[in-house]
There are 4 protein chains.
Amino acid sequence: MVDGVGERTKRVVVPELEDILYDEHKVLDHGFVRVIDYMGSDSSIVQAARVSYGKGTKQVSQDAALIGYLMRNAHTSPFEMCEIKLHVKLPIFVARQWVRHRTASINECSARYSVVENEFYVPEVDKVAEQSTNNAQGRGEPLSPDVARGIIDIFKDNSESMYSCYESMLDRGLAREIARMNLTLNCYTHWYWKVDLHNLLRFIMLRISSGAQYELREYAATILEIVRKWVPMVHEAFTEYCLESKMLSRSALDVIRKLLKGEEVTREDAGMSKREWNELMSVLYPEECVEV
Amino acid sequence: MVDGVGERTKRVVVPELEDILYDEHKVLDHGFVRVIDYMGSDSSIVQAARVSYGKGTKQVSQDAALIGYLMRNAHTSPFEMCEIKLHVKLPIFVARQWVRHRTASINECSARYSVVENEFYVPEVDKVAEQSTNNAQGRGEPLSPDVARGIIDIFKDNSESMYSCYESMLDRGLAREIARMNLTLNCYTHWYWKVDLHNLLRFIMLRISSGAQYELREYAATILEIVRKWVPMVHEAFTEYCLESKMLSRSALDVIRKLLKGEEVTREDAGMSKREWNELMSVLYPEECVEV
Amino acid sequence: MVDGVGERTKRVVVPELEDILYDEHKVLDHGFVRVIDYMGSDSSIVQAARVSYGKGTKQVSQDAALIGYLMRNAHTSPFEMCEIKLHVKLPIFVARQWVRHRTASINECSARYSVVENEFYVPEVDKVAEQSTNNAQGRGEPLSPDVARGIIDIFKDNSESMYSCYESMLDRGLAREIARMNLTLNCYTHWYWKVDLHNLLRFIMLRISSGAQYELREYAATILEIVRKWVPMVHEAFTEYCLESKMLSRSALDVIRKLLKGEEVTREDAGMSKREWNELMSVLYPEECVEV
Amino acid sequence: MVDGVGERTKRVVVPELEDILYDEHKVLDHGFVRVIDYMGSDSSIVQAARVSYGKGTKQVSQDAALIGYLMRNAHTSPFEMCEIKLHVKLPIFVARQWVRHRTASINECSARYSVVENEFYVPEVDKVAEQSTNNAQGRGEPLSPDVARGIIDIFKDNSESMYSCYESMLDRGLAREIARMNLTLNCYTHWYWKVDLHNLLRFIMLRISSGAQYELREYAATILEIVRKWVPMVHEAFTEYCLESKMLSRSALDVIRKLLKGEEVTREDAGMSKREWNELMSVLYPEECVEV
């Protein structure tokens with residue numbers, strides 16, 4: 001942070017986050033994430049944990065080790081002691097997924113009060129992909145550039161044409177709360193979103209995963225970078241124990257134990273579905289592409 | 001309930017609600033509300049309250065009086081002891097408002113997994129209204145039938161034309177999760193919504209009010225009827241102490257006290273805004289239309 | 001705040017709250033409330049409301065008026081945009097009531113990890129009161145000073161004697177998590193409690209009322225003073241529209257309307273219980289003590 | 001369930017749970033868990049999932065497989081569609097841990113309204129254990145039977161003596177809300193506790209683990225048995241993917257991959273703490289007791 005900027009506070013301050021306060025981090029074609037306010041730091045988590053665990057934890061002398069311990073053992077309450085407020089601009093279909101995370105506070109721009117802006121999400125050519133064949137909810141390979149460009153043109157034309165009808169309805173005096181329903185789901189909205197760190201990490205965990213929709217993953221990735229600046233020790237522990245960890249089932253652990261003894265194990269022995277078995281093999285032997 | 005229908009249970013049963021279980025209660029042009037499951041009755045609230053308040057409440061001999069007492073004094077936890085699960089079909093722009101009530105469980109039909117149905121909300125002629133002049137968020141008088149019918153035609157044409165583009169994108173192989181963003185906000189979705197009675201009453205209270213959007217008010221009114229069948233004593237107390245009650249501010253109470261003493265009071269004396277003063281006068285003298 | 005103290009921040013700063021940051025506000029004999037951290041101010045609420053209500057609200061030019069409007073109309077979400085973290089020391093029986101407010105984050109000192117301190121709440125003489133005769137949950141008149149002092153001595157002796165057994169059990173090697181169950185409920189604990197402003201106001205509203213237990217009311221009153229320093233406009237609106245307002249039922253409003261027309265109304269006409277009628281009369285004619 | 005008992009309902013019925021409805025399942029010396037009401041079954045989860053995932057999931061033909069898939073992939077919302085209401089009698093120090101699970105509804109017997117019963121938890125001889133040396137929060141080996149019996153006698157004497165003071169204070173007219181603070185933390189209370197299945201499973205997961213206090217683990221184990229009767233498919237998936245699964249960190253996965261290649265790995269190579277390394281070894285080689 002540039003010296004001398006801002007007012008004085010006796011609260012905990014995180015200079016790396018102050019540096020980017022209010023900055024727009026671009027996401028997709030017109031979206032962004034901005035940090036508006038925050039409360040706490042790595043040290044606030046340590047402080048809260050030490051209230052809980054008291055003198056008995058003095059031997060856990062290093063803060064990073066304590067944070068790792070908390071993360072590893074699902075002692076989640078100290079992570080609730082940090083709070084962040086973001087200003088986010090995002091397409092409505094993304095907002096509809098986002099809002100399923102209920103333990104957060106939201107103030108969204110209301111299309112009953114204000115006229116919606118003329119901005120719509122249109123994917124880039126290489127994001128215009130076919131329906132995935134092995135994942136009912138996802139997208140697979142990109143469509144050919146020609147087809148993709150054709151689809152992009154349709155999105156553009158439709159968004160604009162719906163918006164122009166919307167405007168003309170308003171011109172005829174129609175109430176905003178009715179007119180807005182003529183808009184398409186790629187229309188942008190924006191909101192203030194305030195959440196504690198524990199619930200923010202859960203949001204990132206679920207929405208950065210390959211099963212989530214690409215457009216939402218982009219927001220999750222941007223927010224993960226903000227977390228790295230804000231609470232670097234938490235970021236490190238989160239990577240080690242969540243993002244790059246793997247929950248292994250009872251059956252999967254049995255398979256590993258047998259393999260370590262040098263025994264042969266087949267999918268049938270393990271009683272696992274093809275999908276589970278393949279997932280396990282890809283965790284254990286990532287350099288090979290084992291498909292049963 | 002027709003005798004002999006269903007299985008036997010030792011749980012509390014509400015025959016009036018059993019009678020309409022799974023029935024579609026129509027809302028708007030294509031929407032509905034269906035009761036799928038429920039837990040508890042008026043008696044469950046009394047039972048929970050008596051656990052809390054124990055022997056000391058025996059003198060409150062009548063269940064309805066006890067429920068009234070709980071409602072009047074904001075003893076909300078016994079109302080959480082009843083639960084209901086609804087299946088609701090509703091336009092997306094209504095779903096976006098609904099989901100702001102966070103203390104409920106939702107499973108919504110996902111447009112990533114399934115192809116969206118070709119159904120769109122189009123308002124009736126007398127609901128196509130102008131922007132309200134005294135309420136920034138609401139609608140005012142209906143537009144002239146001619147203008148209204150013109151707008152309705154635009155809604156219909158646009159919804160159908162966007163849906164047909166959606167279908168043709170799917171035909172070209174585009175992933176469902178991308179194609180859906182071409183749809184308009186009056187498109188119908190449906191979900192399972194499970195909520196406890198306390199939070200359901202808050203939902204109704206906020207969404208049946210004249211400040212809420214007409215389309216959502218219709219759902220709230222339908223659900224209020226379901227509440228009347230399910231927990232008639234709660235319905236009565238809710239009407240008395242919530243729906244038809246009024247929160248009067250410190251200043252409003254001062255005005256009333258002075259009026260009862262026979263004193264003259266002006267808006268300026270009371271230190272109230274025009275809007276507050278008018279609201280108070282319409283509560284005290286509902287048959288007159290006093291506007292300052 | 002003393003000039004030059006603290007680090008620089010670009011976040012919103014509330015000097016009146018900075019002045020008392022980390023200070024112990026004494027409550028009861030050994031308890032306290034300390035502000036550890038905060039996020040936001042009156043202006044944050046206005047900012048969030050303006051995101052929601054957008055350009056349409058520009059005419060609500062004054063921040064205090066906007067905050068009053070939000071409070072009056074139960075537009076609660078902007079108040080969630082402010083957050084505070086308190087360090088509180090309190091007797092366990094008070095903590096058990098406090099924790100019923102679920103929408104907050106807590107890190108409590110754990111008696112599994114740490115040896116509990118030798119501190120117990122003992123009421124002052126004038127707070128040692130008899131069971132209320134007209135309120136099943138409350139206390140009535142103070143007992144005579146002699147009886148009260150006798151009871152205080154019993155509390156003191158018992159607390160100390162239980163604590164000394166606790167210590168001797170620990171000396172014999174007993175696990176802390178077992179030994180602690182020998183302590184009495186007036187034993188002090190302490191915790192970090194983090195909550196947003198909306199939920200904080202609800203806590204105050206419910207716990208400052210005459211129906212709440214005296215010992216918890218003392219904490220609520222202390223926190224209300226903190227709110228006054230932190231967000232003075234909110235404090236003002238909260239007093240006007242919540243603390244000193246009154247919810248009047250449908251029947252109560254009918255009574256008032258008749259009285260204003262000069263009609264006679266009896267309790268029987270109104271169909272109200274004695275308790276409700278007396279409450280209404282005490283609101284309308286506070287200087288008289290009307291008991292039916 | 002005995003044929004012909006109960007009323008008829010069109011709701012989903014689970015005969016195995018009906019059989020034990022209202023029964024007291026004994027826990028500790030005076031505690032119990034009783035099922036009072038429930039909503040939903042395994043089939044309700046499948047139904048909710050199929051609303052979300054629609055026609056695209058028809059190939060997942062078997063319900064148990066679908067439930068396993070949901071559990072494995074943290075698709076938690078369908079599990080929220082089942083609800084259960086329990087009546088639980090438990091010592092206050094256990095209630096204090098239990099209530100940290102906030103996403104549940106509680107009506108507790110209030111010691112402001114009712115006189116507390118004369119019942120106190122006293123551990124059995126083999127549960128009177130020393131402070132653990134390697135776990136700051138837990139208990140280790142049982143104390144010698146003689147010491148244990150001495151401690152048990154102290155608990156008994158103290159509980160009774162405090163209760164008798166409590167009674168004599170009430171006899172002198174002291175308000176219940178004050179007198180109760182003379183009681184010890186092993187005093188029993190009871191409450192209605194209503195929770196959805198997703199949050200119930202989280203409760204069991206955290207409270208049945210070896211890190212939780214023995215007395216609470218006993219309740220968690222009793223409730224797990226109830227879950228087994230209520231939703232047997234969920235119970236099976238929960239065992240496979242939660243109770244007997246293990247979250248392996250990035251570093252732990254690296255160790256396993258190297259071991260499977262036949263490489264030697266040391267704790268130092270792995271960059272793991274002693275505790276983590278020992279935990280991993282005990283997962284991989286459960287029959288050996290490897291301590292570094």
Side-chain angles (χ1 to χ4, degrees), chain C residues 91-97 99-100 102-104 106 108 110-114 120-123 127-132 136-140 143 147-148 150-151 154-155 157-159 161-162 165 168-170 172-187 189 213-215, chain D residues 91-97 99-100 102-104 106 108 110-114 120-123 127-132 136-140 143 147-148 150-151 154-155 157-159 161-162 165 168-170 172-187 189 213-215:
Chain C
I92 288 176
F93 72 93
V94 174
R96 297 238 300 136
Q97 298 175 322
V99 83
R100 297 296 298 115
R102 288 159 292 179
T103 42
I106 293 182
E108 182 176 357
S110 166
R112 300 180 73 198
Y113 284 94
S114 306
F120 297 86
Y121 168 64
V122 177
K127 297 298 179 263
V128 179
E130 62 179 17
Q131 180 64 35
S132 170
Q137 72 178 318
R139 66 183 83 168
L143 292 170
V147 175
I151 282 171
I154 299 175
F155 278 130
D157 289 352
N158 285 346
S159 307
S161 136
M162 291 304 103
C165 282
S168 90
M169 285 168 170
L170 294 180
R172 279 186 252 180
L174 186 65
R176 288 186 289 270
E177 67 173 19
I178 309 176
R180 62 159 159 182
M181 75 187 194
N182 193 63
L183 296 168
T184 47
L185 280 159
N186 57 339
C187 179
T189 183
Q213 183 157 354
Y214 162 75
E215 283 78 12
Chain D
I92 289 177
F93 72 92
V94 174
R96 297 238 301 137
Q97 298 175 323
V99 84
R100 297 296 300 113
R102 290 161 290 179
T103 41
I106 293 182
E108 182 176 356
S110 166
R112 300 180 72 200
Y113 284 93
S114 308
F120 296 87
Y121 168 65
V122 177
K127 298 299 180 262
V128 179
E130 63 180 16
Q131 180 63 37
S132 169
Q137 74 178 316
R139 66 183 82 168
L143 292 170
V147 175
I151 281 170
I154 299 176
F155 277 130
D157 290 351
N158 285 344
S159 306
S161 135
M162 291 304 102
C165 281
S168 90
M169 286 169 169
L170 294 180
R172 279 185 254 182
L174 185 65
R176 289 186 289 269
E177 66 173 20
I178 309 175
R180 63 160 158 182
M181 75 187 196
N182 193 64
L183 296 169
T184 46
L185 282 159
N186 56 339
C187 179
T189 183
Q213 183 158 354
Y214 161 74
E215 283 78 14

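Quick caveat, the model's predicted, so the values are computed rather than measured. In the text below, chain A, chain B and the rest are named by the order of the sequence lines, each starting its count at 1.
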* Can you tell me how far CD1 of D/Ile178 sits from CG of C/Asn186, rounded to the nearest 0.5 angstrom? -> 12.0 Å
* To do: Rounded to the nearest 0.5 Å, what's the gap from OG on C/Ser132 to CZ on D/Arg112? Could you check?
  => 10.0 Å
* Asked: Does D/Glu130 pair with C/Arg172 as a salt bridge, N-O distance under 4.0 Å?
  -> no
* Interatomic spacing from CD1 in C/Ile151 to CG in D/Leu174 - rounded to 0.5 Å -> 4.5 Å
* With respect to chain D, which residue among C/Cys165, C/Cys187, C/Ser168 yields the maximal number of heavy-atom pairs within a distance under 4.5 Å? -> C/Cys165
* Asked: Ignoring hydrogens and geometry, is there a side-chain-to-backbone donor-acceptor pair from C/Glu177 to D/Gln213 under 3.5 Å?
  -> no
* For the pair D/Glu108 and C/Arg96, find out whether any cationic side-chain nitrogen is under 4.0 Å from an anionic carboxylate oxygen. => yes
* Asked: Checking heavy atoms, do the side chain of C/Ala104, its backbone, both or neither come under 4.5 Å from chain D?
  -> backbone
* How far apart are the closest heavy atoms of D/Thr184 and C/Met181, and which atoms are they? -> CB-O, 3.8 Å
* Structure fact -> Tightest non-hydrogen contact, residues C/Gly138 and D/Ala175, listed as O-CB, 4.2 Å
* Asked: Is it the side chain or the backbone of C/Tyr121 that comes within 4.5 Å of chain D heavy atoms, both, or neither?
  -> both
* Write down the atom of C/Ile154, the atom of D/Met169, and the distance for their closest heavy-atom approach. => CG2-CE, 3.6 Å
